[in-house]
Amino acid sequence: MHTRFVLFIGLLLACGMATALDEPEKVSFPSLDQQDGQTVQLDAFWFRASSNAATTVTTATNATVIALHGCGGLYSIRKGHEQELNARHNNMARLLQENGYNVLMPDSFRPRGVNSICSSTYKSRDISTNNRRLDIQAALQWLGRQTTVDTKNIALLGWSNGGSTTLNALNTAHKAAGKDDIYPRAAVAFYPGCQGYLKARPAYRLASPLLILIGAEDDWTPAAPCVSFEKMLAPSPVKVSVFADSYHDFDAPDLPLRKRMDVPNGVHPGQGVTTGSNPAAKELAYKEMLLFLKQQLNAQ
């Protein structure tokens, strides 16, 4: 285990080398959503697949991952770095680039005038997974206009609120879902909220293969509803992997275990939630994610 983990960290460090990977481009496109009667203009980071990918043959067009931030937004909260991607998003983009994927990371928050919704109750939030589902549809349309994108091989990847949005986007019970010419072929959701989909009416219908990666000790978006979600959808192609000794944000880099009292949601409302890194679980989860994407997106 120790040797594999050292090799994994080496891969992440290699992915961060500017000499090996193209720097992201800032792009903009209109959401299909409106705010106060005006179309929301989304900003996004666009990472092109590495031409030196070690495990994936890079061709004229590449498989692409749309990566969706969680309730804390896309950016760093360190003073003086507020315009930069935070470490988790940047590391993930680099890892996917190195494995031959384009990556599009849209910002659903700042264009709507907020930086974070973590401290808001679910009922008081002005930005819902329905709003963000329309952002995904707009992102798919934008990708359809890019000559380096294989539009038949696009996946979603989301963390927390972005993971819940991923589940929303794959639900073909929505009238708009699944009717676009371009649609996600697969999806990965890190610690999404699954509870609301268990009793959804009309009943949830899964559009594409889905992998859910979640911590066994998560007291913000607990694992049990996701396990029930998997059973409910059987035999649909959904797999839930639960990682022992892991809390919310287990794949965040260098995040000490702590209780967040500013979060009103969770298993015990008003008592805070626990977040923190688990490097061993992260290693296993990222390996499973890469294997899943390779299998589903035909990235041979």
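The analysis underlying the following values was restricted to heavy atoms, covering all of them including side chains, and did not include hydrogens, waters or symmetry mates. All residue numbers refer to positions in the sequence shown, counting from 1.
Taking the six-membered ring where the residue is Trp, F243 and F250 present tilted rings, their angle falling between 30° and 60°. Ring geometry for F190 versus Y286: interplanar angle over 60°, hence perpendicular rather than tilted (30 to 60°).
For Q38, the CD atom counts as loosely surrounded, since its 6.0 Å shell holds 12 or fewer non-hydrogen atoms of other residues, nucleotides or ligands. The environment of CG in D126 is sparse: at most 12 heavy-atom neighbours from other residues, nucleotides or ligands sit within 6.0 Å. Around the NZ atom of K239, the shell of radius 6.0 Å holds no more than 12 heavy atoms that belong to other residues, nucleotides or ligands. In this structure, D254 places its CG atom where only 12 or fewer heavy-atom neighbours from other residues, nucleotides or ligands lie under 6.0 Å away.
Using a 3.5 Å distance cut-off with no hydrogens or angles, the side chains of N62 and N102 do not pair a donor with an acceptor. Side-chain atoms of N115 and R110 form a donor-acceptor pair, as typed in the model, at a separation below 3.5 Å. Donor-acceptor pairing under 3.5 Å is recorded for the side chains of E288 and S241. Judged by distance alone, the side chains of R260 and T275 never bring a donor and an acceptor atom under 3.5 Å apart. Side-chain polar atoms of R133 and N171 form no donor-acceptor pair below 3.5 angstrom. Using modelled atom types and a 3.5 Å distance limit, the side chains of N168 and T165 yield no donor-acceptor pair. Between the side chains of T274 and H248, no donor-acceptor pair is found at a separation under 3.5 Å.
In plain terms, the two heavy atoms of P184 and L170 that are nearest each other are CB-CD2, 4.3 Å. Pairing each heavy atom of Q195 with each of P225, the nearest pair is OE1-CG, 3.3 Å. Taking every heavy atom of both residues into account, L293 and A155 meet most closely at CD2-CB, 3.8 Å.
Using a distance-only test at 3.5 Å, with no hydrogens or angles considered, no donor-acceptor pair links the side chain of S277 to the main chain of P279. For the pair Y204 (side chain) and K199 (backbone), a donor-acceptor distance under 3.5 Å is absent. A donor-acceptor contact shorter than 3.5 Å links the side chain of N99 to the backbone of L95. Remark: the backbone N or O of G100 is not paired with any side-chain donor or acceptor of S50 at under 3.5 angstrom. The backbone N or O of Y191 sits less than 3.5 Å from a side-chain atom of T221, completing a donor-acceptor pair. Not one N or O on the side chain of N153 forms a donor-acceptor pair closer than 3.5 Å with the backbone of R185. Between the S228 side chain and the C226 main chain, no donor and acceptor come within less than 3.5 Å of each other.
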Task: salt bridge (Lys or Arg N to Asp or Glu O under 4.0 Å) between R94 and E98, worked out - done: CA-CA 6 Å; R94 297 308 194 176; E98 186 68 21; over 6 Å; no

Open item on the list: Walk me through whether H89 and F45 qualify under ring-ring contact (aromatic ring centres under 6.0 Å, His included).
Closed with: CA-CA 10 Å; H89 296 122; F45 286 88; 9.6 Å; no

Task: Worked check of ring-ring contact (aromatic ring centres under 6.0 Å, His included) between F47 and Y101 - done: CA-CA 9 Å; F47 297 79; Y101 300 101; over 10 Å; no

Task: Worked verdict on E217 versus S246 for side-chain hydrogen bond (donor to acceptor under 3.5 Å, both in side chains) - done: CA-CA 5 Å; E217 309 303 324; S246 298; over 6 Å; no

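With values rounded to the nearest 0.5 angstrom, K282 atom NZ is found 9.0 Å from R88 atom CZ.
For the pairing with S108, the side chain to side chain donor-acceptor pair (under 3.5 Å) check across D135, D33, N131 returns one residue only, D135.
We find that D249 and R258 are not joined by a salt bridge, their nearest charged nitrogen and carboxylate oxygen being 4.0 Å or further apart.
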